[in-house]
Number of protein chains: 2
Amino acid sequence: MPSTHIIPTLDDVAKAAGVSTATVSRCLNTSEKVSERSRLKVMKAVEMLGYTPNFGARAMAAKRTFTIGAIIPTMENAIFARGLQAFQETLYANGYTLLVSSTAYRPDVEAEQIKALIARGADGLLLIGYERDHSIYKYLERRGVPTLIAWAFAQDSALPTIGFDNRASMRALCDKVLDMGHKKIGFISGIIAGNDRASERLQGVKEGMRARGLDPNDMPVCESTYEIENGANAFETIMQGAYTPTVVMCGNDVLAVGAMQRAHEMGLKVPQDVSITGFDDIELARIVSPQLTTVHVPHREMGSRAAEELTRMVEHVSTGVSCQLDSSLRLRGSLRVLD
Amino acid sequence: MPSTHIIPTLDDVAKAAGVSTATVSRCLNTSEKVSERSRLKVMKAVEMLGYTPNFGARAMAAKRTFTIGAIIPTMENAIFARGLQAFQETLYANGYTLLVSSTAYRPDVEAEQIKALIARGADGLLLIGYERDHSIYKYLERRGVPTLIAWAFAQDSALPTIGFDNRASMRALCDKVLDMGHKKIGFISGIIAGNDRASERLQGVKEGMRARGLDPNDMPVCESTYEIENGANAFETIMQGAYTPTVVMCGNDVLAVGAMQRAHEMGLKVPQDVSITGFDDIELARIVSPQLTTVHVPHREMGSRAAEELTRMVEHVSTGVSCQLDSSLRLRGSLRVLD
DNA sequence: CGTCGAAATGTAAGCGCTTGCATTGTGCGT
DNA sequence: ACGCACAATGCAAGCGCTTACATTTCGACG
């Protein structure tokens with residue numbers, strides 16, 4: 001089925017317009033360097049032929065793609081959606097295109113995606129969290145691709161980070177929970193291996209407990225992937241243990257919603273029988289009833305700042321400066337004061 | 001800040017391995033045509049140099065990228081998430097990479113994205129719905145890029161379609177609603193202009209009403225973008241009109257959830273005071289309470305079938321065959337029998 | 001009108017890869 | 001030991017674009 005489609009090239013346009021390829025190229029890129037007369041001729045030819053520049057060729061010749069890559073753990077729930085949206089909007093405003101891929105939280109997939117994005121000529125990269133194999137950082141360094149880390153903040157990171165302090169944020173929530181009289185906490189965590197956000201959040205709770213003289217080792221902790229169903233299962237596991245918490249804190253909102261659902265199915269009223277908290281404050285948190293107490297994260301601000309800084313890095317006006325943002329608590333119906 | 005990073009090329013690898021560039025290339029692509037001995041040498045060199053092939057150059061030389069592009073209206077809600085996930089999984093299994101971009105339901109943005117994806121060398125394209133400007137179809141045809149349309153089914157489409165009958169599906173739900181004794185329906189639709197799914201769904205309801213001798217013109221219809229908040233506003237608008245429906249049917253689940261929320265805020269009990277229905281059966285539908293009555297769509301099957309067919313088209317073993325899938329009703333708590 | 005500088009354009013050398021074709025190496029039958 | 005078929009490799013021509021540099025054009029000014 002060898003179809004002979006005419007895929008017009010720069011040459012074709014040049015011929016049709018009666019100018020050289022250089023003029024066409026200039027017209028398409030730096031149109032101010034071209035006379036109005038030839039600009040018109042060229043535009044007409046482009047239109048007529050249905051010409052679209054070949055990105056690969058362009059990238060190869062210009063050594064620049066105006067593309068930024070972002071690699072996130074998952075697209076399946078909304079955790080990264082809002083931040084990424086802001087990231088892309090800001091990028092777009094600066095003349096860049098965003099390419100996104102996801103890793104399903106698998107480090108090996110992430111490594112692969114990084115290479116793929118670099119192969120595609122990404123001028124810069126956005127990564128989530130700082131915890132990854134050293135070889136990846138070495139590779140990034142050697143290729144000289146500007147890279148920024150978001151959704152986490154670490155003073156001593158090799159790469160610039162922009163985000164919030166996951167541990168302190170969860171600690172603040174934990175303090176609040178304890179203030180409200182809770183003494184028995186259960187915790188549903190995301191998978192900790194290779195995920196600094198998850199482990200920092202767990203640490204935050206433990207830290208809070210210790211500060212009140214409670215032993216974190218008493219706390220039942222259940223690790224679960226970030227899916228509603230699994231959050232539900234984790235909740236059940238915890239509640240069926242010998243140690244019955246009065247509050248189940250969750251590593252993120254998705255898990256918390258799962259927990260709420262299962263609580264309902266088990267005949268437990270939230271918050272009368274058990275309180276539940278989340279993290280992230282995604283849309284879901286206000287859709288469930290009772291609404292979810294959680295930690296609000298400045299997703300949009302983080303996304304757009306990341307975009308600004310990364311473009312600066314790509315354009316060599318900055319070598320990358322870290323930036324810490326604040327989170328805040330959202331106290332809602334799913335958490336109650338213990339009598 | 002001119003950093004001199006060594007970005008290794010095929011040439012460097014060839015030199016380091018002591019073979020020709022052709023051998024390295026073959027080793028990386030068709031490794032069966034290379035002796036074990038040189039394969040090892042090459043691999044070692046690749047490893048040592050941290051080589052990653054330049055995608056643009058490769059695409060240009062091979063005229064093939066093993067990349068498929070998908071352009072969807074939005075990533076912000078989960079409507080397309082599950083189907084796209086299946087699409088990408090199947091693609092991946094067939095050795096292809098997926099590139100996704102979204103249009104915010106704007107035809108002009110879609111046209112731009114199509115060109116961008118083609119410029120990036122997409123071997124094939126997945127588009128949502130069939131309603132778009134003729135010039136786009138012409139462009140696609142001229143470039144000879146295999147394109148498949150999903151989330152809709154149309155016998156007479158120029159391009160192969162894979163999906164379900166939006167009108168018949170909504171009609172089935174409407175029939176059910178009428179069976180349950182409802183006579184006064186309100187409808188919250190997605191924006192209809194340029195969106196065949198939205199308009200077909202509305203038609204489905206009108207069709208159902210006519211079949212029972214009801215006048216569709218009596219029905220209050222409110223168009224809204226697919227956001228929870230806007231669905232809520234639309235609900236309020238409809239309920240404050242002179243004509244008070246006993247059921248509000250929605251063009252999709254997101255709108256329906258918004259409607260439910262506002263109903264709650266307005267002190268209306270669902271389904272006692274008003275019934276609400278959705279469309280799509282996304283996860284959200286079972287998270288809200290009462291759970292949402294909706295139309296279940298075989299997202300995953302649609303996605304993976306689309307991937308299969310599109311790869312066949314790209315590999316020239318099919319010119320594209322359409323495929324109609326079935327939807328089904330999910331009757332849940334948000335819809336009640338009218339006394 | 002001739003001159004000169006700036007603006008506009010053209011020429012052509014790559015960018016890093018694949019692949020058809022030519023060449024070399026290998027193992028086998030006789 | 002010789003020749004043959006075939007596997008393995010190398011050579012080099014592009015793929016479509018950008019851009020440094022060379023050349024032409026043009027208008028302004030003396």
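Throughout, a chain's letter reflects where its sequence line sits, starting with A, and its residues are numbered from 1. Keep in mind that what you see is a predicted model, and the values were worked out from it rather than measured.
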Whole-Å gap separating [atom2] ([N]) and [atom1] ([X]):
X	N	atom1	atom2	answer
A:F55	C:dG16	CZ	P	16 Å
A:D11	D:dT18	CG	P	12 Å
A:E32	C:dT9	CD	P	13 Å
A:L40	C:dT9	CG	P	12 Å
B:L10	D:dC15	CG	P	19 Å
B:N29	C:dG16	CG	P	17 Å
A:L28	D:dG16	CG	P	16 Å
B:R37	C:dG25	CZ	C1'	11 Å

Compute the centroid of each ring, for A:Y226 and then for A:Y105, and state whether the two points are separated by less than 6.0 Å.
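Distance test on ring centres: under 6.0 Å, yes.
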
Donor-acceptor pair, B:S38 side chain versus B:E36 backbone, under 3.5 Å?
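Not a single qualifying donor-acceptor pair exists.
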
Distance-only, no hydrogens or angles: does the B:S25 side chain make a donor-acceptor pair with backbone N or O of B:T21 under 3.5 Å?
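Here the side-chain-to-backbone pair does not exist.
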
Can you tell me if [X] touches the phosphate of [N], counting only side-chain N or O atoms and a distance under 4.0 Å to OP1 or OP2?
X	N	result
B:S35	D:dT9	yes
A:K63	C:dG16	yes
B:K33	C:dT19	no
B:N54	C:dC15	no

Can you tell me which nucleotide in [options] comes closest to the side chain of [X]?
X	options	result
A:A22	D:dG10, C:dG10, D:dT18	C:dG10
B:A61	D:dC15, C:dG14, C:dT19	D:dC15
B:T9	C:dC17, C:dT9, D:dG10	C:dC17

If you go through the side-chain atoms of B:R26, does one of them form a donor-acceptor pair with the base of C:dG20 closer than 3.5 Å?
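Between C:dG20 and B:R26, which were checked side chain against base, a qualifying N/O pair under 3.5 Å is present.
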
Want to settle it: does A:S20 or B:A62 sit nearer the 5' end of DNA chain C, counting the closest nucleotide to each?
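Closest to the 5' end, via its nearest nucleotide, is A:S20.
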
Quick one: on DNA chain D, does B:T23 or A:I7 contact a more 5' nucleotide (nearest heavy atom)?
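In this pair, the answer is B:T23.
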
Cation over ring, A:R64 on A:F66, under 6.0 Å and within 45°?
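The answer is yes, since A:R64 meets both limits relative to A:F66.
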
Looking across every strand, which nucleic acid part, if any, lies under 4.0 Å from B:S25 by heavy atom: base, sugar-phosphate, or nothing?
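Contact class for B:S25: base.
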
Base, sugar-phosphate alone, or nothing: which one does A:Y51 contact when heavy atoms must sit under 4.0 Å apart?
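The answer is sugar-phosphate, as A:Y51 gets under 4.0 Å only of primed atoms, P, OP1 or OP2.
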
What I want to check is whether the side chains of A:Y96 and A:T65 have a donor and an acceptor closer together than 3.5 Å.
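No, A:T65 and A:Y96 have no side-chain donor paired with an acceptor closer than 3.5 Å.
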
